[in-house]
Peer 1: 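Quick one: the structure is below, questions incoming.
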Amino acid sequence: MSLAEVQNAISERKICILIPTYNNEKTLKRVIDGVLDYTESIIVVNDGSTDSTPQILNQYPQITVISLPENKGKGNGLKTGFRKAKELGYDYAITIDSDGQHYPNDIPVFVEALLLEDQDVLLIGNRNMSQDGIPKKSSFGNRFSNFWFWFETGIKLEDTQSGYRLYPLHKIPKKYFTPKFEFEIEIIVRTAWRHVPVKNIPIKVLYDPAERVSHFRPFKDFTRISILNTILVTITLFYIIPRNFVNNFKKKSFKRFIKEDVLESDGSNRTKAFSIALGVFIGLSPFWGFQTLLVISLSVLFKLNKVLAFVASNVSLPPFIPFIIAASLFLGAPFVHGDSNLLSQDLNFELIKNNLLQYIIGSFILSTTLSAIAGISTFFFLNKLNPENN
């Protein structure tokens, strides 16, 4: 795209450039000057800087400046900038860090990528963290973040920590719970949960120790990020995955659901069979209250089909529980000199409590046997329908 085309697209698509800054006096002017080559639609959030940042910003009367009285973190600065951008009528915001690591001449990359989309999308610059000159701690942190983002959303990205992004302002959540660096993880996960595509696009990056000032505090911020991911994973397991499954099932006929989400889902027939077997095993085992957490975690660990495993784990639906209890007590009786006549009593959790070992042994025998049967049956069934998918 030519410079004129980029400038016209920025204006027509109502895109602004948002620059949060805190004590980056060495690089701030260079970043702003670079952005001005493309647009004057710039919002700078001065997050309580104590250096010469206010004097630098006074040189640019044509841009919008928001000055916060004290530093409250990058997340808070971005939230403030997003609110202002929507007030000014913008639909998109490209965020660029003021520490000099991002190149303003990559703005056309974001604009062109947006124009190629037929829907709103959240774009994240991919810095290619494997290249020379990238600090090892940054590369590790990015891989760590990529894994959890995939676990929480099912979307595989190569860079989830880059601050160079394009946000669809009317598609991102309105309220947030984190104020600092972890905000950038929260916003992409929760936006993905709203079924907005999140994609990487290639950008350049510069790490210059002589100029770059990083405010990332390894221990404190990594701890905050870990706590956030723990919360997001919990929400994923107990709300997002079940919600998506139910919504997907409602949108399709049973035949179409089986065809698209089971038969044509990712993985070989063997993988799908193991996924079903795992779900049945967990569903019938005595892991009450932790079945969803276990089945999803083990599916990820062994690279199985999470949807199939989750569906199969629901074999222990309430109507079937009395039969599961009865079968477990019956199968466990010979191994603990238990009383098989317990089946003549009322089948309830009090009965399990008084005969716990008998129940546990029997439930593992039951779950192992039925999971093997389910897995083998599934494999032969799928192999008959799709013999090439092994």
Side-chain angles (χ1 to χ4, degrees), residues 1-22 24-47 49 53-54 56-68 74-115 117 120-127 159 161-172 183-184 187-188 191 199-206 212:
M1 296 179 67
S2 67
L3 176 60
E5 288 174 328
V6 173
Q7 292 171 333
N8 288 336
I10 289 174
S11 176
E12 291 175 0
R13 298 303 294 265
K14 298 181 181 179
I15 303 171
C16 70
I17 312 300
L18 174 57
I19 309 174
T21 187
Y22 174 62
N24 286 125
E25 60 184 3
K26 293 181 180 180
T27 53
L28 177 60
K29 188 177 190 311
R30 186 175 77 226
V31 173
I32 295 176
D33 289 341
V35 174
L36 283 171
D37 290 338
Y38 300 95
T39 181
E40 292 185 355
S41 299
I42 301 173
I43 301 173
V44 177
V45 180
N46 175 16
D47 191 20
S49 297
T53 293
I56 295 172
L57 294 176
N58 286 337
Q59 302 173 30
Y60 300 96
Q62 71 272 47
I63 69 176
T64 300
V65 176
I66 303 173
S67 295
L68 304 179
K74 185 179 182 181
N76 183 70
L78 288 171
K79 286 184 280 186
T80 301
F82 291 151
R83 285 195 298 268
K84 187 65 175 179
K86 288 193 283 188
E87 288 176 8
L88 295 175
Y90 293 109
D91 291 332
Y92 301 91
I94 296 176
T95 61
I96 180 171
D97 291 345
S98 63
D99 60 4
Q101 70 163 297
H102 300 147
Y103 288 82
N105 61 14
D106 273 329
I107 288 175
V109 177
F110 285 91
V111 175
E112 187 169 2
L114 176 63
L115 295 179
E117 296 287 337
D120 281 323
V121 63
L122 195 160
L123 301 173
I124 303 176
N126 178 12
R127 298 165 293 176
D159 192 347
Q161 290 194 315
S162 171
Y164 210 170
R165 305 178 176 187
L166 181 144
Y167 290 98
L169 294 173
H170 299 288
K171 295 292 185 178
I172 58 178
F183 169 82
E184 290 182 296
I187 190 172
I188 61 172
T191 300
K199 300 181 180 181
N200 274 146
I201 57 172
I203 61 169
K204 303 180 291 294
V205 65
L206 172 65
R212 186 169 181 261

Peer 1: Compare every heavy atom of P108 with every heavy atom of Y38, then report the nearest pair and how far apart it is.
Peer 2: CE2-CG, 3.6 Å
Peer 1: Do V35 and E40 have side chains that get closer than 4.5 Å, going by heavy atoms?
Peer 2: no
Peer 1: Would you find a donor on one side and an acceptor on the other, under 3.5 Å apart, between the side chain of E5 and the backbone of S2?
Peer 2: yes
Peer 1: Counting C-beta onward and ignoring hydrogens, is there a side-chain heavy-atom pair between I66 and I43 closer than 4.5 Å?
Peer 2: yes
Peer 1: Which is it for I63 and L36 under the side-chain contact (heavy atoms from CB on, under 4.5 Å) test, yes or no, and what are the steps along the way?
Peer 2: CA-CA 9 Å; I63 69 176; L36 283 171; 4.2 Å; yes
Peer 1: What about F110 and Y164, are their ring centers closer than 6.0 Å?
Peer 2: yes
Peer 1: Who pairs with T39 by side-chain hydrogen bond (donor to acceptor under 3.5 Å, both in side chains), at least two apart in sequence or on another chain?
Peer 2: S41
Peer 1: Can a donor-acceptor pair be found between the side chains of N8 and S11 at a distance below 3.5 Å?
Peer 2: no
Peer 1: Distance check, rounded to the nearest 0.5 Å: L166 atom CG versus I15 atom CD1?
Peer 2: 6.0 Å
Peer 1: Is any side-chain N of the basic residue among D106 and K204 closer than 4.0 Å to the acidic one's carboxylate O?
Peer 2: yes
Peer 1: Ignoring hydrogens and geometry, is there a side-chain-to-backbone donor-acceptor pair from D99 to Q101 under 3.5 Å?
Peer 2: yes
Peer 1: Checking the side chain of T53 only, and the main-chain atoms of S49 only, is there a donor and an acceptor separated by less than 3.5 Å?
Peer 2: no
Peer 1: Taking the side chain as C-beta and beyond, is there a heavy-atom pair between T95 and Y167 under 4.5 Å?
Peer 2: yes
Peer 1: With the side chain counted from C-beta on, respond yes when V109 and I107 share a heavy-atom pair under 4.5 Å apart, and no when they do not.
Peer 2: no
Peer 1: Drop me the distance from S67's OG to L57's CG, to the nearest 0.5 angstrom.
Peer 2: 6.5 Å
Peer 1: Are any of the side-chain heavy atoms of I32 and I19 separated by less than 4.5 Å?
Peer 2: yes
Peer 1: Once rounded to the nearest 0.5 Å, what's the spacing between atom CG of N126 and atom NZ of K199?
Peer 2: 14.5 Å
Peer 1: Side-chain contact test, heavy atoms from C-beta onward, threshold under 4.5 Å: evaluate it for I201 versus I124 and give yes or no.
Peer 2: no
Peer 1: Do you know the tightest heavy-atom contact between K74 and P20?
Peer 2: CE-CG, 4.3 Å
Peer 1: Any donor-acceptor pair under 3.5 Å linking the side chain of S162 with the backbone of G125?
Peer 2: yes
Peer 1: How close do S98 and T27 get, heavy atom to heavy atom, and via which atoms?
Peer 2: O-OG1, 2.5 Å
Peer 1: To the closest 0.5 Å, what do you measure between CG (L68) and CG (N76)?
Peer 2: 6.5 Å
Peer 1: Could you state the interatomic distance from CG (D159) to CD1 (I203), rounded to the nearest 0.5 Å?
Peer 2: 7.0 Å
Peer 1: Is the closest basic N to carboxylate O distance between K86 and D91 below 4.0 Å?
Peer 2: no
Peer 1: Considering all heavy atoms of both residues, which atom of A9 and which atom of M1 are nearest to each other, and what is their separation?
Peer 2: CB-CE, 4.3 Å
Peer 1: Have D120 and Y92 got a donor and an acceptor in their side chains that come within less than 3.5 Å?
Peer 2: yes
Peer 1: Please find the pair of heavy atoms, one from H102 and one from P104, that lie closest to each other, and give the distance.
Peer 2: O-CD, 3.5 Å
Peer 1: Using every non-hydrogen atom in the two residues, find where R127 and V205 come nearest and quote the distance to one decimal.
Peer 2: O-CG1, 3.7 Å
Peer 1: What do the steps show when you test K171 against L122 for side-chain contact (heavy atoms from CB on, under 4.5 Å), and what is the final call?
Peer 2: CA-CA 9 Å; K171 295 292 185 178; L122 195 160; over 6 Å; no
Peer 1: Distance check, rounded to the nearest 0.5 Å: R13 atom CZ versus Y90 atom OH?
Peer 2: 15.5 Å
Peer 1: Given the rule in the side-chain contact (heavy atoms from CB on, under 4.5 Å) test, do I94 and L18 qualify, once you have shown the distances and angles that lead to the verdict?
Peer 2: CA-CA 6 Å; I94 296 176; L18 174 57; over 6 Å; no
Peer 1: Would Y22 and L28 count as a side-chain contact (heavy atoms from CB on, under 4.5 Å) if you check the C-alpha gap in whole Å, the side-chain angles of each, and the deciding distance to 0.1 Å?
Peer 2: CA-CA 9 Å; Y22 174 62; L28 177 60; over 6 Å; no
Peer 1: Do R165 and I96 have side-chain heavy atoms sitting under 4.5 Å apart?
Peer 2: no
Peer 1: Heavy-atom distance under 4.5 Å between the side chains of K29 and Q59, does that happen here?
Peer 2: yes
